[in-house]
Amino acid sequence: MTGLASIFRVMLYTALLFAVIYGLPRLSEWWGTRDDASAASAYSTALHTLPALSDDQRRRLLLAAEKALRDPEAAADVSDDFDAMPHRAYVVLWRDGRRLSSSWARTDNLQQTVVRAAAQAASQLPELAGEPLVQVQVMGRDFRLADGGYRHGRHGLNFKKTREANYYASYAIETNFREQKLLDRLAQRLESVDSGEAPMQRFYYAVDHFGRGADGELVNYYMGSTPALGAAIDGDEYTSMVAMAREWLVSNVADSGQFRYLYYPSRDEWPAKRNNVIRQLMASRTLAELSRKDPSLRELHGRNLAYALREWYREEEGRGFILYRDKAKLGALAMALRTLVYSPFYEEHEEQARALVSGILSLQQPDGGFRAWYREPDYPFNEERLLTFYSGEALLALAEYAAHTGDQAVLAATEKSQAYYLTRYVEQIDQHYYPAYVPWHVQSLNALYQLTEKREYLEAAMTLTDRLLEMQDTGAAEPYYRGRFFNPATPQYGSPHASSDAVYTEGLAHALEMAQGMGDVARVKRYSAALALALRNLDNLQYRGPRMYFSRCIPCVEGAFRIHTSDNKVRVDSTQHALDAFLKIDALIVNNQFSLP
């Protein structure tokens, strides 16, 4: 027995040591009563699968909810059309982008359920002044969260112990909570009213979300928006999208002359400390080009340019650079130069442009590669990663300057660096590929081709674009994602983002022009189809009409592009990049190189 006791003690000490090092799991996890216990939800049967409601039925449910806000008895005459629909339903009340209240209910008749939920939502308010905007979310069948089918913003959440707590699906979009934060908050909410020992069961469910728009008409929502799922974008939609994006950008210059950078609809806030000088200057370049085409914008452009030069432009020993927070990035120098080249006031700033060229070329290495910083930061950085962005930006800026001035020495220096990156990013694409460099280098290659007519530039752009299109989403798994440039199999290439989607769209438009120049019929067809998909994706991300229901500041979002389908923030470069793409696409349309139905 002594030997057995010794063995037992060794095992016990080993287990305790393991617990100290790796953490002690809860006893409930050892005994199988952990979260997501195997017990099914009361709403997990096929009977609770979402009903296939007609638009007429949705309108009648909305009308019943609206009546119930004032007088629940007036809406009590329910239709037997909604019998045998024992579904839960949320009613959410909105006014001026603010959620007033929300509540859910369940009966054996869906109309009665909506009436009850509406009355409960109204009862939460001290008074019901005016006519709130009513939205309904019919809740479908519960599935276990652990099964892995949950999609943030597309599905609602139902957590249950002896009581239960819910978040309707679009709550994730409206609040802009990340997935884990949303899950944690709902668990905490349930624990606050049910702290007993019962295991927590976690479920998700699909919804049918609908409401009224500002015009009183029915609006069917999907993930807190109204995306066109499957339909190709047409010419009228494109024209409207471009006009709204342009209006947002030109309206978004603050009194100081700087662009407002980042807006949080869920907070109604422009955080003052959030800013990025490269993105500011990219927007300045876009405004410069717009003002060159539209003289009415020149005063605005001049004010924006004056701010940028006053606040950030510096010179030393004939070299111009952009100093921001004690750092000077190659990319910032490039964007400042591009802004001056496109400005209708170029002649007034010719010497500054030449100084910026000198600043950029001072970062050129003997082999043609660039350094990422004119003035380095005091923290570690990954120069190779930074140059996937900055190298193409610098090459494009130099090529555009050479085209504008005819400076052959700058053209030769540009070609030297482009040759270095052709080796690194094209010939050695398998070793060094990163999609962020593709649109910038495609544009620089196109600019250099226009100057030199060297076919190698066309062929390199095709190689880069072919690789980029491997990550464009065709919408097979989720129609809302159709056209975006993101593949979950390659997360190292970044998260979905409207800014990335837009700059990839711009690069694709340049590649289409180059494929036309090569007479490559197969690529022209492929790139044209990909460009149409990319435009539909951007169109789906643009704020307009009923998509703005949760924004308290309509001018802050209208015409801008949300960061992605489940991130409602607005950042200036998303709209700026989209406009840059549209400017190129407009030229293709005028030249009969691209068309939309």
Side-chain angles (χ1 to χ4, degrees), residues 249-250 252-261 272-292 297-364 370-378 381 386-387 389-405 407 410 413-414 440 572-573 576-577 580:
L249 190 77
V250 301
N252 200 45
V253 180
D255 291 342
S256 65
Q258 181 179 211
F259 283 95
R260 293 188 294 177
Y261 176 66
K273 293 183 179 180
R274 297 291 300 274
N275 206 355
N276 180 288
V277 71
I278 294 180
R279 294 166 186 157
Q280 284 281 346
L281 290 167
M282 287 192 293
S284 295
R285 191 225 66 85
T286 304
L287 181 57
E289 182 173 358
L290 291 173
S291 72
R292 195 171 65 186
L297 296 176
R298 290 183 182 175
E299 186 278 330
L300 183 66
H301 160 60
R303 180 155 52 89
N304 171 252
L305 180 60
Y307 176 92
L309 294 176
R310 180 179 68 250
E311 297 295 324
W312 303 322
Y313 178 79
R314 302 291 183 268
E315 279 188 26
E316 60 182 18
E317 300 177 355
R319 297 188 297 270
F321 60 100
I322 298 297
L323 186 67
Y324 182 74
R325 296 177 180 174
D326 299 320
K327 302 182 293 290
K329 307 172 182 179
L330 171 62
L333 274 67
M335 290 306 155
L337 176 59
R338 295 192 72 211
T339 300
L340 294 181
V341 167
Y342 277 89
S343 174
F345 309 125
Y346 172 81
E347 286 74 16
E348 300 174 26
H349 302 287
E350 189 171 357
E351 292 304 314
Q352 291 163 313
R354 180 65 210 181
L356 284 166
V357 170
S358 297
I360 293 170
L361 291 178
S362 74
L363 300 178
Q364 188 182 50
F370 287 109
R371 298 199 312 274
W373 299 91
Y374 184 87
R375 186 167 295 177
E376 293 185 359
D378 57 1
F381 57 86
L386 291 173
L387 286 171
F389 296 89
Y390 298 171
S391 63
E393 294 168 355
L395 285 166
L396 179 58
L398 292 172
E400 289 174 340
Y401 177 85
H404 189 75
T405 63
D407 191 318
V410 172
T414 307
W440 296 110
V572 67
D573 56 314
Q576 162 267 313
H577 275 310
D580 283 357

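Just so it is clear, the values below take in all heavy atoms, side chains as well, and ignore hydrogens, waters and symmetry mates.
The line from CG of L356 to CD of E351 is 11.5 Å long, rounded to the nearest 0.5 Å. Residue R371 holds its CZ atom at 13.0 Å from CD1 of I360, rounded to the nearest 0.5 Å. For the atom pair CG (N304) and OG (S256), the distance works out to 9.0 Å, reported to the nearest 0.5 Å. Note that the CE atom of M335 and the CD1 atom of I278 stand 7.0 Å from one another [nearest 0.5 Å].
In this model, a donor atom of one side chain and an acceptor atom of the other lie less than 3.5 Å apart for N275 and Q280. Side-chain contact annotation: R292 with Y342, donor-acceptor N/O pair under 3.5 Å absent.
Closest non-hydrogen pair, L300 versus V253, comes out as CD1-CB, 3.8 Å. The two atoms that bring G359 and L333 nearest to each other are C-CD2, 3.7 Å, heavy atoms only. Listed here is the closest heavy atom pair of S362 and Y374: OG-CE1, 3.7 Å. Counting all heavy atoms, side chain and backbone alike, F370 lies closest to L387 at O-CD1, 3.1 Å. Here the closest heavy-atom approach between residue A394 and residue L330 is recorded as CB-CD1, 3.8 Å. The two atoms that bring A334 and A397 nearest to each other are O-CB, 3.5 Å, heavy atoms only.
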| L361 vs L398, side-chain contact (heavy atoms from CB on, under 4.5 Å): CA-CA, chis, key distance, verdict | CA-CA 9 Å; L361 291 178; L398 292 172; 3.9 Å; yes

| said: I'd like to know whether W373 forms a side-chain contact (heavy atoms from CB on, under 4.5 Å) with L386, so could you lay out the CA-CA distance, the side-chain angles of the two residues, the decisive distance to 0.1 Å, and finally the verdict. | reply: CA-CA 9 Å; W373 299 91; L386 291 173; 3.5 Å; yes

| query | For R338 and E289, what are the C-alpha separation, side-chain angles and deciding distance, and is it a side-chain contact (heavy atoms from CB on, under 4.5 Å)? | reply | CA-CA 10 Å; R338 295 192 72 211; E289 182 173 358; over 6 Å; no

| said: Using the rule given for side-chain contact (heavy atoms from CB on, under 4.5 Å), can you reason through T286 versus T339, listing the C-alpha separation, both sets of side-chain angles and the distance that settles it, and then say yes or no? | reply: CA-CA 8 Å; T286 304; T339 300; over 6 Å; no

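At least one cation-pi condition fails for R314 and F321: the charged atom is not both under 6.0 angstrom from the six-membered ring centre and inside a 45 degree cone around its axis.
Salt-bridge check for K327 with E376: failed, with every basic side-chain N at 4.0 Å or more from each acidic carboxylate O. A salt bridge does not link R354 with E350: none of the charged nitrogens is closer than 4.0 Å to a carboxylate oxygen. A salt bridge does not link K329 to E393: none of the charged side-chain nitrogens sits closer than 4.0 Å to a carboxylate oxygen.
Without hydrogens or angle criteria, Q364 side chain to A413 main chain gives a donor-acceptor distance under 3.5 Å. The main-chain N or O of R279 is never found under 3.5 Å from a side-chain atom of D573 such that the two would form a donor-acceptor pair. Side-chain N or O atoms of R298 include none that pairs as donor or acceptor with a backbone N or O of S343 at under 3.5 Å.
Between L305 and L340, the closest side-chain pair of non-hydrogen atoms falls below 4.5 Å. The shortest distance between side-chain heavy atoms of W312 and L281 falls below 4.5 Å. A 4.5 Å side-chain heavy-atom check between V572 and N276 finds every atom pair outside the cut-off. In this structure, L323 and Y313 have side chains that are not in contact, with every pair of non-hydrogen atoms separated by 4.5 Å or more. T405 is not listed as a side-chain neighbour of V410, based on a closest heavy-atom distance of 4.5 Å or more. At least one side-chain heavy atom of L287 sits less than 4.5 Å from a side-chain heavy atom of F259. The shortest distance between side-chain heavy atoms of S391 and W440 does not fall below 4.5 Å.
Counted within 6.0 Å of CD on E315, heavy atoms from surrounding residues, nucleotides or ligands total more than 12; the atom is thus considered enclosed.
In this structure, H301 and F345 have parallel ring planes: the angle between them is below the 30° cut-off, well short of the 60° mark.
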